[in-house]
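Notes follow once the structure below has been shown.
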Amino acid sequence: MEQVRTRFAPSPTGALHAGAVRTALFAYLVAKHSNGKFILRIEDTDQLRNVDNATQNIIDSLKYLGLNWDEGPDIGGSFGPYTQSQRLDIYKSWANKLITDKRAYVDPYSKEELEALRTKAKTQKKPFLFRDHRPTKFETWNGTKPLRFLSEPKTYKWNDAIMGNLSSGPESIDDFIIIKSDGFPTYNFAHIIDDYLMKISHVIRSQEFLPSVPKFLNLYEALNIQVPIMATPPQVLNENNSRKLSKREGAKQLLEYKKIGILPEAMINMIASLGWNDGTNNEIFSLEQLVKIFELSRVQRSGARFSEQRLLWLNGYYIRHLDENQLLNKVKSFWPKSATKYSKEYKLKVLNLIKERLKYLDEIPKLSEFFFSDLPINNQLILKNSSLSKLKTSEIVDLLKKTKASLMKSDFSIENLTEKLNELLKLTNQPPAILFSLIRIATTQSPASPAIFETLNVLDKDRSLKRIDALINNLSEA
RNA sequence: GGCCCUGUCGUCUAGCGGUUAGGACAUCAGGUUCUCAUCCUGAAGAUCGCGAGUUCGAAUCUCGCCAGGGUCACCA
């Protein structure tokens, strides 16, 4: 069997979002599953819609997820160039071949004339087919007018690796433009030539292209090219409606998720589960596992909605389960400013305490600030605590003083802190809801924190006592 | 409008003629010495879009209908 070669072929017209990236993931998985090659090709044939940084955005997005390509515009390969605008001569020579074979001709109509024909068909409630208006005599192609494929309408039956058996009638086939008047090819033409020359074995592309497949099949025949395996994953839908995911409907750029600290592992897992599962109850899949077990035949045919909620759950899962040093490494750019002067070891301790509370890494500053700097005293924390608000200020100060006395004698190991604070519960005859809440508020000045023994242990003795002192002074003054 | 695709808990899905229709996210309740989480346990949640038919038996097969989506460019 020939080598499996798949490609991701986006046009650089904007930033990548989850829908497009899923097509890339599936193509990557199909290739790697069979030890094949994954190719990146940039389809920049629409000069008007090209966006400057879009290619970079595509590259950054794929790299973020670790979907590395074997051949592409940046790294080359045996079948380059991998940017369509650099392949115009190739398309031109194939187009000339079609002209010679009488399977392509110059479109003589102006845009206005074409528009008029379309409107007429519409008012007559008839489908518009260009082939009903083919010129009787073909002009010589000098590159200034669009070149059209001369189609041979017929019925097709074909198999799609995901959608199964599909069929279409002759009405789906028309003369379409293969080279535009600016000399650039259309997608419909260029991708077929490129897939052939780049020896692509599986064409994986999203469902919006499905209605065009009969046209492609007709062109494959005219060019006498073998049709690759086609696989058409269903659409990824917006969270709020049932339309396909798109920028207009508010789909986030993939890199936005990187920015707020969504781990690539979580994003890969999320995207893979959109329309695919392995048939078991397993929900967690690493990229390596996916490469092993992914199969196109298990891809769903119905559309799937992208869920940020589920993404956050997955992200939390990976944050909790990743190796601590690996996580520490990924977290680097998310620490609060105040953390800069602290050691790696200290940060690791903090990270281990807060990681089970994280949904995304950008929450780190909010949850860890008090480990690195003294927050201003916030009396609301006591006033809004249902147990503490019932106590008089003098009682609270008294409790704080007793706490201080007790903690002075502690070596601040977790074991010793547990022992000392349990003794204190008995001594003061207070429930944990009062005493521990108070200590937590005094030492963190935050509405939420990790468990009290661990928190004190990491903060250390000096800082804990200093903060308790500060609160005693503050309350005594009032 | 033509052509094409889809239709199981709110969401993602398992299911391929016989199941109490299973799981996950989300929701709600209880437990974990204090908060927020995590974790554990439990609850609620789908007459399988609707209607016929085939069959002893249908979410699963057939037909019709309905609903949703895609596409009909010198865009991809």
Paired with B:A58: which nucleotide, if any, by Watson-Crick or G-U wobble criteria at under 3.5 Å for both distances? none
Applying side-chain contact (heavy atoms from CB on, under 4.5 Å) to A:F149 and A:I177, what does each step give before you reach the verdict? CA-CA 6 Å; A:F149 173 57; A:I177 290 179; over 6 Å; no
Same-atom distance ([atom1]) from [N] to [M], integer angstrom:
N     : M     : atom1 : value
B:G23 : B:A46 : P     : 14 Å
B:C5  : B:G42 : C1'   : 41 Å
B:U33 : B:U27 : P     : 23 Å
B:G57 : B:A24 : C1'   : 31 Å
B:A37 : B:A76 : C1'   : 45 Å
B:G7  : B:U13 : C1'   : 14 Å
B:C63 : B:U6  : P     : 13 Å
B:U60 : B:U55 : P     : 16 Å

Considering just the side-chain nitrogens and oxygens of [X], establish if one lies under 4.0 Å of OP1 or OP2 belonging to [N].
X      : N     : result
A:N277 : B:U13 : no
A:K215 : B:C3  : no
A:R298 : B:G15 : yes
A:S446 : B:C36 : no
A:K244 : B:U71 : yes
A:R148 : B:A73 : no

Touch class at under 4.0 angstrom, heavy-atom based, for [X] against every strand present:
X      : value
A:P127 : nothing
A:T418 : base
A:T45  : sugar-phosphate
A:L312 : nothing
A:P431 : nothing

Which nucleotide, [options], lies nearest any side-chain atom of [X]?
X      : options             : value
A:A451 : B:C75, B:C3, B:C34  : B:C34
A:S11  : B:C5, B:C3, B:A76   : B:A76
A:Q300 : B:A14, B:C75, B:C5  : B:A14
A:L210 : B:C34, B:C4, B:C74  : B:C4
A:E208 : B:C5, B:U71, B:C75  : B:U71
A:R49  : B:A76, B:C74, B:C34 : B:A76

Closest non-hydrogen atoms of A:F453 and A:L417, given as atom of the first, atom of the second and distance, are O-CD1, 3.6 Å
Salt-bridge test for [X] and [Y]: reply yes if a basic N is under 4.0 Å from a carboxylate O, no otherwise.
X      : Y      : answer
A:E115 : A:K122 : no
A:R310 : A:E283 : yes
A:K349 : A:E454 : no
A:E139 : A:K145 : yes

Quick check against the 3.5 Å criterion: does [X] have a side-chain atom that pairs as donor or acceptor with the backbone of [Y]?
X      : Y      : answer
A:S167 : A:K157 : no
A:N378 : A:Q445 : no
A:N96  : A:K92  : yes
A:N57  : A:L16  : yes

Shorter than 3.5 Å, N or O on both sides, protein versus nucleotides 37-44 of chain B: list them out with atom names.
from: B:A37; atom 1: O2'; to: A:E356; atom 2: O; distance (Å): 2.5
from: B:A37; atom 1: N1; to: A:E356; atom 2: OE2; distance (Å): 3.1
from: B:A37; atom 1: N3; to: A:E356; atom 2: OE2; distance (Å): 3.0
from: B:U38; atom 1: O3'; to: A:R320; atom 2: NH1; distance (Å): 3.2
from: B:C39; atom 1: OP1; to: A:R320; atom 2: NH1; distance (Å): 3.0

In this structure, which one of A:E43, A:R205, A:R41 forms a side-chain hydrogen bond (donor to acceptor under 3.5 Å, both in side chains) with A:H191?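 Only one of A:E43, A:R205, A:R41 forms a side-chain hydrogen bond (donor to acceptor under 3.5 Å, both in side chains) with A:H191, namely A:R205.
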Show each protein N/O and nucleotides 18-22 of chain B N/O combination with a separation under 3.5 Å, one pair to a line.
none

Whole angstrom is fine here: how far is it from CD in A:E115 over to C1' in B:C74?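 Result: 12 Å.
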Does [X] get its side chain close enough to the base of [N], under 3.5 Å, for a donor-acceptor pair?
X      : N     : value
A:S168 : B:C4  : no
A:N422 : B:U33 : yes
A:R301 : B:C5  : no

Polar atom pairs (N or O), protein with nucleotides 9-11 of chain B, under 3.5 Å:
from: B:U11; atom 1: O3'; to: A:R305; atom 2: NE; distance (Å): 3.4

Spatial distance of atom CZ (A:R103) from atom CD1 (A:I178) [nearest 0.5 Å]: 10.5 Å
Should the ring pair A:Y187 and A:F216 be called parallel, tilted or perpendicular, given that the plane angle runs from 0 to 90° and is split at 30 and 60? perpendicular
Hey, is CG on A:N429 packed in by over 12 heavy atoms from elsewhere, all under 6.0 Å?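 No - once you tally the heavy atoms of other residues, nucleotides and ligands closer than 6.0 Å, there are 12 at most.
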